[in-house]
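Encoded as structure tokens, the structure appears first; notes follow it.
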Amino acid sequence: MAEKEAQQAAYMGEKTLTEDGRKIVEEGEVEAVNPSFATIMANHKPNAWGKGHVQLYALAAVCFLNSTMSGFDGSLMGSINVLPSYTRYFGLPQTGTASTGIVFAIFQIGQMCAALFVWVADWLGRRWLIFIGTAGVVLGTIVTATAKTLPTFIGGRFLLSFFAQMACSASPLYLVEVAPPQYRGTLAGMYNTFYYFGSILATSSVYGAHKHLPGNLDWRLPLWLQMVCPGLVCCVILFFPESPRWLIGKDRHEEARDFLIKHHANGDRDHPLVALEMAEMIESLRKDPVTGWRNFFDLSVLFRTRARRYRTMLNMTFAWFGQFSGNNVISYYLPYLLANVGITNADTKLLLNIMYALEGFIFATAGARLHDVFGRRKMLLTATAGLIIALAITAGTAAGYVNTGSKTSSSASIGFIFVFGAIFAFAFTSMQPIYPAEVMANDMRAKGMGTYKIVGGAAGFINTFAAPIALTNIGYWFYVFFVFWDLFEFAFMYFFFVETKGLTLEEMDEIFEAKNPRKASTQKKKVKVRTVLGEDGKVEQQIVGKAEA
């Protein structure tokens, strides 16, 4: 009996060793689109609140302040445009006209011009482009806040938007590249939630100044406040570490490795995630190096293969969808929309602007976390369906008010404007800095973000220039147009948008080389994995074959 037990123990001991004699610590199965990263996360996921991760969160939080610039401007202009002192000073009409539109739309023109220079991020690095952009915003703010004439005011807004675009292009580029893969959606997604933080600052400052300050100070003081957040970033950004992918592209491998050890593995030099990310980055950038000075303006990198054209198509379509789903009309022209349903008091309009921004901040923050839980594609599809329903009801209730004067219809229309804002913020706002950068290869990313900003700026320009005229002339029918446009968006996303959750940036190369990238991104594989212990005591994961069905 004892002899039989000894033989069984010896047999079991053999089963715990690999063919080359290493001890098998654990065996199991993993189901994922790409098992390599999933295996590491299943067995050796770094502590989300480790020292290196917390330091990275702090760096990211400073970069988030750049996002306040877009939100500040959108709500600032929408708010001061209802102030009699502002419109009287520059001779602007109370109702929307082409003059009002150009004051708003010059911001998009400046953004599109600046997008042509995003390649500077490949030349000088991500940090330097952020620095140049934030310093320029301070200059642009001074011009607008001291402007005596409308042309000077418009010129200052052009400068402000030009430099803001540089900083706002480089910031998500930096965040997507420095974020750990498992938290990329959350960390980079939080960036755009601060759009609403800027909006809250703008609407609150206009409301307070209008209530308590005399004369033109009620709109000049909020203009001065536009430099506060970017000014803070400008003071500290050059002390931050550079993106590890940019460092590898410049053959500074040890600096990149040190970054990954400190901020992705919480100081563990032997963590398997460090080895995986370094190997993937080096191989990706070996095949397709970062842009050099000879080809800064060569855009063929975006189109030269089928996979690259697919990536660029996703980047450009999401840029348009993010600015042309009905959202810009509401954020810039909420006071006009409220007037269309019977609310004309300036204080009431400003308070509702503040409430709209606060709601957006709450829902966008929640959405940023859930991108890493549910995935990008599922959230976008669900949200787009919600936008269609909200806009349809908004159009119907606005029509009811216009035709009957019903206060119930007016209240319902305002309510569904807020529902629309919550849905858009939940999925689209937090997604805007992530998805366009994720779908780009390393050597495409800077130029791809420039393309994204040009297309988004074009969509935003059309919206903000045409919206006041359309709202004045066709009213609630403007909502109806966006109902049908959002139906098109839903269909396009369903058939073409890929899922990027749970993959490193380099692992997406395989997805886009597939015959059907959308299908490849959602098709999970089940594999057997084992954890083995080497003679040096280091733990290693091995993928040993397909799991049985």
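Start at 1 with the first residue, then count along the sequence. In what follows, every heavy atom counts, from backbone to side chain, and hydrogens, waters and symmetry copies are set aside.
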| task | Could you walk me through whether Asp122 and Lys250 pass the salt bridge (Lys or Arg N to Asp or Glu O under 4.0 Å) test, one step at a time? | result | CA-CA 10 Å; Asp122 277 345; Lys250 299 298 181 181; over 6 Å; no
Measure from the side-chain N and O atoms of [X] to the backbone N and O of [Y], and report whether any donor-acceptor pair falls under 3.5 Å.
{"X": "Ser169", "Y": "Met166", "result": "no"}
{"X": "Arg157", "Y": "Thr141", "result": "no"}
{"X": "Asn266", "Y": "Gly52", "result": "yes"}
{"X": "Ser161", "Y": "Phe158", "result": "yes"}
{"X": "Thr312", "Y": "Arg309", "result": "no"}
{"X": "Ser199", "Y": "Tyr195", "result": "no"}
{"X": "Asn315", "Y": "Gly448", "result": "yes"}
{"X": "Glu177", "Y": "Pro244", "result": "no"}
{"X": "Arg445", "Y": "Ala437", "result": "yes"}
{"X": "Asp372", "Y": "Gly185", "result": "yes"}

| request: Might you work through the salt bridge (Lys or Arg N to Asp or Glu O under 4.0 Å) test for Glu506 and Arg245, ending with a clear yes or no? | output: CA-CA 10 Å; Glu506 289 71 28; Arg245 288 171 173 84; 2.8 Å; yes
| said: side chain to side chain donor-acceptor pair (under 3.5 Å) for His371 and Ser430? Distances and angles first, verdict last. | reply: CA-CA 9 Å; His371 290 311; Ser430 51; 2.8 Å; yes
Mutual orientation of the aromatic rings belonging to [X] and [Y] [parallel < 30°, tilted 30-60°, perpendicular > 60°]:
{"X": "Trp128", "Y": "Phe131", "value": "perpendicular"}
{"X": "Phe318", "Y": "Phe428", "value": "parallel"}
{"X": "Tyr57", "Y": "Trp49", "value": "perpendicular"}
{"X": "Phe321", "Y": "Phe497", "value": "parallel"}

| field | side-chain contact (heavy atoms from CB on, under 4.5 Å) evaluation trace for Met190 with Phe64 | value | CA-CA 7 Å; Met190 282 291 292; Phe64 295 164; 3.4 Å; yes
| query | Taking all atoms of both residues into account, what is the closest heavy-atom pair of Asn442 and Leu285, and its distance? | reply |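 Minimum heavy-atom contact is CB-CD2, 3.7 Å.
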| Candidate pair Phe361 and Tyr196, rule ring pair (Phe, Tyr, Trp, His ring centres under 6.0 Å), full reasoning | CA-CA 5 Å; Phe361 183 64; Tyr196 292 102; 7.6 Å; no
| field | Centroid-centroid distance, Phe488 to Trp485, less than 6.0 Å | value |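 Yes.
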| message | Between Phe90 and Trp219 (judged by ring centroids, cut-off 6.0 Å), do the two rings come close enough to count as a pair? | response |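 Yes, the ring centres sit under 6.0 Å apart.
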| query | Does the ring pair (Phe, Tyr, Trp, His ring centres under 6.0 Å) test come out yes or no for Phe324 and Phe482, once each step is laid out? | reply | CA-CA 8 Å; Phe324 207 78; Phe482 280 109; 5.3 Å; yes
| field | Contacts of type ring pair (Phe, Tyr, Trp, His ring centres under 6.0 Å), residue Trp224, not counting sequence neighbours | value |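 With neighbours one apart ignored, the set is empty.
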Could you grab the distance from atom [atom1] of [X] to atom [atom2] of [Y], nearest 0.5 Å is fine?
{"X": "Met440", "Y": "Arg311", "atom1": "CE", "atom2": "CZ", "answer": "7.0 Å"}
{"X": "Ile132", "Y": "Cys234", "atom1": "CD1", "atom2": "SG", "answer": "10.0 Å"}
{"X": "Met508", "Y": "Ser284", "atom1": "CE", "atom2": "OG", "answer": "11.5 Å"}
{"X": "Gln165", "Y": "Ile454", "atom1": "CD", "atom2": "CD1", "answer": "9.0 Å"}

| message | Under the criterion side chain to side chain donor-acceptor pair (under 3.5 Å), I'd like the reasoning laid out for Thr504 against Glu277: C-alpha separation, chi angles, the key distance, then a yes or no. | response | CA-CA 8 Å; Thr504 66; Glu277 289 193 274; over 6 Å; no
| query | Does some side-chain heavy atom of Arg252 sit less than 4.5 Å from a side-chain heavy atom of Trp246? | reply |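 Yes, side chains in contact.
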| salt_bridge(Arg518, Glu499) N-O dist < 4.0 Å |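 Salt bridge absent between Arg518 and Glu499.
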| task | Please say whether the positively charged group of Arg127, taken as NZ for Lys or CZ for Arg, lies over the ring of Phe239, i.e. under 6.0 angstrom from the six-membered ring centre and within 45 degrees of the axis. | result |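 No, cation not above the ring by the 6.0 Å, 45° rule.
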